[in-house]
Amino acid sequence: MSKNSKRWIALAVTAAMAFSMTAMAEEASTEQEAGGAKGNLVYATSTFGQKFSPFFATTAYDMEVVDLTQVLALAADRGGAIIEKGIEGETINYNGTDYTYYGMGDVEVTQNDDGSVDYTITIRDDQKFSDGEPVTIDDYIFSFYVLCDPTYDGSSTLYALPIEGMEEYRSGMESKLDLIVATNREGYEENDFFTEDEYNSFWEAFDAAGVKFAQEIVDYCIGEGYNEPDDSVSACATNWGYEIPEDAEAADFFEAIVANFGYDLSDDGINYESAGTAFLDFLTEEIGGEEAMAELNKGYETGDGAPNISGLTRVDDYTVNLHMTEFDATAIYNVGTYLAPLHYYGDPDQYDYDNNQFGFTKGDLSSVKTVTSEPVGAGPYVFDGYSNGVVTLKANEYYFDGTPDTAALLMQESIDSDYVPGIVTGSFDVAVPSMNDETVRAIEDANSNGELQGDVLHTVLVDYRGYGYLGINADIVNVGGDPGSDASRALRKGFMTLLSVYRDTVINSYYGDRAAVIQYPISNTSWAAPKPADEGYETAYSVDVDGNPIYDSSMSEEERYAAAKEAAIGYFKAAGFSYDEASGKFTDVTETYEVLIPGQGQQDHPAYGIAVAASEVLEELGIKLQVNDVGTDVWNNALEGNTAMMWAAAWQSTVDPDMTQVYHSENAHGNGTNSNHYSVDDAGLDALITAGRSSSDTEERKSIYKEAMNIIMDWGCELPLYQRKDCTVFSSERIVIDSIPQDMTPYWGWYAEINTLDLQ
């Protein structure tokens, strides 16, 4: 398990919490259990976290409730790209099929000569919230100001965009929480904002919360068997990337985390290490609950601050303009925020745009938080309550894309292992279980044809938003100390050519239908990912040193292996190695190369078989590739310390394909964020990355990133391995299968077209 995969686990497990609902849910659930369809669709999910607010939801399961009850100002397509003409509809091709997408609004992006950018957002003028109140641009402005308030403590980072006047608006005000944390425990000094007792009580609660936070990590590691047979706190901490004494306790583990992150309470700080529960949730519990935390989060004026965000301008009842001082590639994904009703979440009496009043008191979001557990919005469904582990949603007659065909959606708390059996027995209609061998067997056993799609269960496999890869550090694997030379690139491409040819066999053996081999260093789920039908698309490392194709479609598997070996010989010759034709070996390769596979010493990793197969061929050629199956601590320390020659890992992808963090030279050689572990240092690549960040034209960016990916592959530093899959399982007996979304993706899930999903 890598540091990155650890983060993925935290995101997935964070969803396990709790929340509340009404007696109507019990009644509806009973109807479903009694037999035939009564207009109720039952979705099996995990434990809720009680935060259904579009502003403060944090868990994946709470966010599903938000998605179904709220509507975004801007819609997105199957690839995650923003729909710019949602009101009239925009047709976009995906996998050879044209799909027309509609949304609540349009966006026009204007890049100005001075480098600034304007986003003009227009929403529909004929829509209502689920309670019948009209939707206007004032609801957008209210929502925007909540997310940008100086004391906002939710997960949105809208305030980080380069919006004109944002810094001025958020300055001059601090919450009591921030003021106390800013002391860094250096000791209490008398001030106008908090007392010594408040100071001491907070840090006492902080320590207690920290012990629980660290203990949850320990319990998680033990539960998953990562430390067997050593289940000590120290062993768990080591697995998590921390070295602490063998007799350490949870408090010592947390102290090490704080030493690493300081008192940063954000997801990029202490909470980065979460194994499920956010640190702030533990802290909230220790200080006395939500009301106490709300009091700590109230803002106090500590200086001069602007009364508004000058870059946000109300144009008319349905239009707003956002002026940004510079282009930010992520802006388009953030400005289309949820249209939360001002009249419900805020106070209309406190809204007067011309006089800088935006529906609440600046610095005090306590009133907005009072309705966190009972959402109201303009989404396809209306929140009706919670009871006995069931969230009940009723169809919204005012939904802009049409009233849902299914009258009620019941979101039933359950556990993953019960998802598939529950659909088989009729308790559930749809679920998104973990895609493992047990799940596959259960689905195939339930269907009379023994397949994933049959008479009882219909399974849809969806590419996971990330991919596995094998990397090489150019600073270590090169010729003559020149990482970017032709010889150095040839050396690395020799390794990659041999590794590449074994991907299909090994990945298919390890994952079966649960993963597919990919050819470019980007998740297939991204809108920027090259598609097989695109001009110039080719298999990774499929040409020889002279640029000629290595394979042809008539070759058998063994013939492909032989062709790859010959091509690799050509690359190693170009790297300067001496080849003896008689023996078929390179005679002057004295260095032992090493690839780290984080299989925890169990050989349980999809890259392990690939590396071993390549190493055997390399041994025949007189080149030593040592395959080391190591634990996470060894793997992580080598990667972070830039001492790993070659390694296997996986990335989690973002919606925007910006390559700065992973491939820009400013983050190589231990500099910057030290996240360019390949040590690719290429001025041309840097220029393309900058150009990609600087354009708002999707097609132009797609072309730029394709060129950038070609440069990355030419360096021979990354071999894309696999795109694994998640699955959604439907009841073939109770759901009209033709009504579920076609071409589902991570950005276009099972409820993306919920208003037309139908029951039999």
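The two residues A329 and D656 have their closest heavy-atom pair at O-OD1, 3.4 Å. Scanning all heavy atoms of the two residues, the minimum distance from A209 to E286 falls at N-CG, 3.7 Å. Nearest heavy-atom pair, A708 versus M659, reported as atom, atom and distance to 0.1 Å: CB-SD, 3.8 Å. L147 and S156 make their closest contact through CD2-CB, 3.8 Å (heavy atoms, listed as atom of the first residue, atom of the second, distance). Scanning both residues, N271 and A278, for their nearest heavy atoms gives OD1-CA, 3.0 Å. Heavy-atom minimum distance, S175 versus L296: CB-O, 3.6 Å.
One side chain, S665 or D686, offers a donor N or O that lies under 3.5 Å from an acceptor on the other. Inspection of the N200 and E204 side chains reveals no N or O donor paired with an N or O acceptor under 3.5 Å. For the residue pair N642/D475, the side-chain donor-acceptor check at 3.5 Å is not satisfied. A donor-acceptor contact closer than 3.5 angstrom links the side chains of N473 and S679. Side-chain contact check for T330 and D328: at least one donor-acceptor pair (N or O, by modelled atom type) lies under 3.5 Å. There is a side-chain donor-acceptor pair under 3.5 Å between D681 and H669. Donor-acceptor pairing under 3.5 Å is lacking for the side chains of Y608 and D629. A donor atom on one side chain and an acceptor atom on the other are found under 3.5 Å apart for R503 and S500. No side-chain donor-acceptor contact under 3.5 Å links D482 and S488. A donor-acceptor contact under 3.5 angstrom links the side chains of S232 and D230, judged on distance only. Side-chain contact check for S615 and Q626: no donor-acceptor pair (N or O, by modelled atom type) lies under 3.5 Å. Side-chain N/O atoms of D463 and T525 include no donor and acceptor closer than 3.5 Å.
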- Message: I'd like to know whether F253 forms a ring-ring contact (aromatic ring centres under 6.0 Å, His included) with F213, so could you lay out the CA-CA distance, the side-chain angles of the two residues, the decisive distance to 0.1 Å, and finally the verdict.
- Response: CA-CA 10 Å; F253 186 4; F213 182 75; 8.6 Å; no
- Task: Go through the steps for E290 and T284 under the test side chain to side chain donor-acceptor pair (under 3.5 Å), then give the verdict.
- Result: CA-CA 6 Å; E290 294 288 349; T284 298; 5.2 Å; no
- Message: Using the rule given for side chain to side chain contact (heavy atoms under 4.5 Å, CB included), can you reason through V233 versus I244, listing the C-alpha separation, both sets of side-chain angles and the distance that settles it, and then say yes or no?
- Response: CA-CA 9 Å; V233 171; I244 58 178; 4.1 Å; yes
- Stepwise, does the side chain to side chain donor-acceptor pair (under 3.5 Å) test hold for W203 with Y188? CA-CA 11 Å; W203 288 116; Y188 176 77; over 6 Å; no
- Between E413 and S46, does a side chain to side chain contact (heavy atoms under 4.5 Å, CB included) hold up when you go through it step by step? CA-CA 5 Å; E413 293 176 347; S46 192; over 6 Å; no
- I would like to know whether H664 and L685 meet side chain to side chain contact (heavy atoms under 4.5 Å, CB included); could you show each step before the answer? CA-CA 7 Å; H664 199 286; L685 177 60; over 6 Å; no
- Item | Stepwise side chain to side chain donor-acceptor pair (under 3.5 Å) check, Q600 with D604 | CA-CA 7 Å; Q600 312 304 317; D604 186 16; over 6 Å; no
- Decide yes or no on side chain to side chain contact (heavy atoms under 4.5 Å, CB included) for I597 and V627, but give the supporting numbers first. CA-CA 7 Å; I597 309 294; V627 182; 4.0 Å; yes
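For Y520 and Y467, the ring centers are positioned 6.0 Å apart or more. A distance below 6.0 Å separates the ring centres of Y663 and Y678. For F254 and F279, the ring centers sit closer than 6.0 Å to each other.
Between E273 and Y242, some side-chain heavy-atom pair lies under the 4.5 Å cut-off. Between M713 and P720, the closest side-chain pair of non-hydrogen atoms falls below 4.5 Å. Residues E718 and I472 fail the side-chain proximity criterion, which asks for heavy atoms closer than 4.5 Å. S266 has its side chain out of reach of F261: every pair of non-hydrogen atoms, C-beta onward, lies at least 4.5 Å apart. Taking the side chain as every heavy atom from C-beta outward, C236 and D231 never approach each other to under 4.5 Å. D364 has its side chain out of reach of T151: every pair of non-hydrogen atoms, C-beta onward, lies at least 4.5 Å apart.
Remark: the backbone N or O of Y511 is paired with a side-chain donor or acceptor of R514 at under 3.5 angstrom. Judged by distance alone, the side chain of D726 and the main-chain N or O of Y464 form no donor-acceptor pair under 3.5 Å. The closest donor-acceptor contact from the side chain of H677 to the backbone of L639 lies under 3.5 Å. In terms of modelled atom types and a separation under 3.5 Å, the side chain of R693 and the main chain of D658 share no donor-acceptor contact. Without hydrogens or angle criteria, R170 side chain to D149 main chain gives a donor-acceptor distance under 3.5 Å. With hydrogens and angles disregarded, a donor-acceptor distance shorter than 3.5 Å links the side chain of S675 to the backbone of Q661. Looking at T238, its side chain does come within 3.5 Å of a backbone N or O of S234 through a donor-acceptor pair. Here the side chain of T183 pairs no donor or acceptor atom with the backbone of E186 at under 3.5 angstrom. Checked by atom type and distance alone, the side chain of D281 never pairs as donor or acceptor with a backbone atom of T277 at under 3.5 Å. In this structure, the side chain of N297 engages the main chain of M293 through a donor-acceptor pair within 3.5 Å.
Both the sub-6.0 Å distance and the 45° axial angle are satisfied by K369 relative to the ring of F56. The side-chain tip of R185 does not point at the ring of Y263 from less than 6.0 angstrom away and within 45° of straight on.
Within a 6.0 Å sphere centred on CD of E666, heavy atoms belonging to other residues, nucleotides or ligands number more than 12. Within 6.0 Å of the CD atom in E255, the count of heavy atoms belonging to other residues, nucleotides or ligands does not exceed 12. Sparse packing is recorded around CD of E189, with 12 or fewer heavy atoms of other residues, nucleotides or ligands lying under 6.0 Å away. In this structure, E249 places its CD atom where only 12 or fewer heavy-atom neighbours from other residues, nucleotides or ligands lie under 6.0 Å away.
Looking at D264, V258, L283, N260 one by one, the single match for side-chain contact (heavy atoms from CB on, under 4.5 Å) with I270 turns out to be V258.
Separation of atoms CG (D252) and CD1 (I257) is listed at 11.5 Å; rounding is to 0.5 Å. For the atom pair OG1 (T302) and CZ (F193), the distance works out to 6.0 Å, reported to the nearest 0.5 Å. Summarising the geometry, atom CG belonging to L498 is positioned 8.5 Å from atom CD1 belonging to I623; distances are rounded to the nearest 0.5 Å. In this structure, OG1 on T592 lies 9.5 Å from CG on L625, to the nearest 0.5 angstrom. Between the CD1 atom of I287 and the CD atom of E295 there is a distance of 10.0 Å, given to the nearest 0.5 Å.
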